[in-house]
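The structure appears right after this line, and notes come after that.
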Amino acid sequence: MMSSPPVVLSIAGSDCSAGAGIQADLKSFHTLDTYGLTVVSGVVAETPNKVVSWEAMPAKLVREQLECLLESYPVAAIKTGLLFSPEIVQCVAQTLKGKEIPLIIDPVGSASAGASFGGETFLTSLSEQLFPLAALITPNLREAQALAGLDSDDQAELGSQLAHQFGVNVLVKGGHHDDPTRSIDLLTDPNGRSHEFCLPRLTGPDYHGTGCTLSASIAAYIARGTPLKDAIMQAKSFLHQAISAGHHWESGPTGEHLDALNLFNRNS
Ligand code: PXL
């Protein structure tokens, strides 16, 4: 018998175009030799540049998916993506409380294509109920500004305020920042210590699903036993490779497609 792979769980929304959301997470988990489980929190009808409509899952069904997986699998790390509603945030927080499974929270409030999902009460419930359980939160600049209530694009200022305010490790991503040469993500811990993760910036289109792929791959590395800082660096490098392998179809949806499975196919 083969040895069992580490188990990682994504609690996130379905992106039917499969470049972001739970589909992207599952591809990253698979490519990184982990076994991915999925709790679907809602469904978005979309392509990389267009959100048509979306609907949250009933909170009861989210709870039941989560409970039956946690009862049956040795879940070694969890990531959350788009959670859609304060009710879902609450039921995820209640179910995960006391479980001590490393939790990576991607505080997604909107799609790259622009649609906003949760509103202000959503961010409040996320920060009040779920952040206290997190090993790491991974806001982009826009999400960090909204969470901190600050109109700054200084990653260090945002990171130290959020880490202090919520008592949690914060990775403020610089993906949408305008440094043309470098992509910098900044980790700040609740004691104010910080660490910079830097790679050359890839020129080219804005891919949809980069945030999902980063937080999913951090969770996968953590499930494999990698310490947090190394997990972030390796996940950033994994995302960098996935972006390099991105593509679009000549006669398909407009917008670019990030697909971690491309790496798996190329490397094997
Ligand atoms: O990229 C953020 C994101 C997360 N989750 C789902 C999404 C998107 C963006 O489109 O659809 C389900």
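We count ligands from 1, going down the list as the structure has it; atoms in each ligand are counted the same way.
- Per-residue contacts place Cys212 under 4.0 angstrom from the following atoms of ligand 1 (heavy atoms of the residue considered): 1 (O), 2 (C), 3 (C), 4 (C).
- Contact check on Asp106 versus Lys173 returns a salt bridge, with a Lys/Arg side-chain nitrogen under 4.0 Å from an Asp/Glu carboxylate oxygen.
- In summary, the side chains of Ser215 and Lys79 do present a donor paired with an acceptor at a separation below 3.5 Å, with no hydrogens or angles considered.
- Less than 4.0 angstrom separates some heavy atom of His208 from each of these atoms of ligand 1: 10 (O).
- With hydrogens and angles left out, the side-chain atoms of Lys236 and Ser183 include a donor and acceptor closer than 3.5 Å.
- For ligand 1, the atoms sitting less than 4.0 Å from at least one non-hydrogen atom of Glu46 are 7 (C), 9 (C), 10 (O), 11 (O), numbered in the order shown with element in parentheses.
- Against a heavy-atom cut-off of under 4.0 Å, Gly13 is close to the following atoms of ligand 1: 12 (C).
- Among residue pairs with one or both ends in residues 1-19, none qualify as salt bridge (Lys or Arg N to Asp or Glu O under 4.0 Å); sequence neighbours excluded.
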Name each donor-acceptor pair under 3.5 Å that joins a side chain in residues 57-69 to protein atoms two or more places apart or in another chain, with its distance.
| residue | atom | partner | partner atom | Å |
| --- | --- | --- | --- | --- |
| Lys60 | NZ | Glu64 | OE2 | 3.2 |
| Arg63 | NH2 | Gln94 | OE1 | 3.2 |
| Gln65 | OE1 | Val40 | N | 2.9 |
| Gln65 | NE2 | Val40 | O | 3.0 |
| Gln65 | NE2 | Leu61 | O | 3.3 |

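- Heavy-atom contacts of Leu82 reach the following atoms of ligand 1: 5 (N), 6 (C), 12 (C) (cutoff under 4.0 Å).
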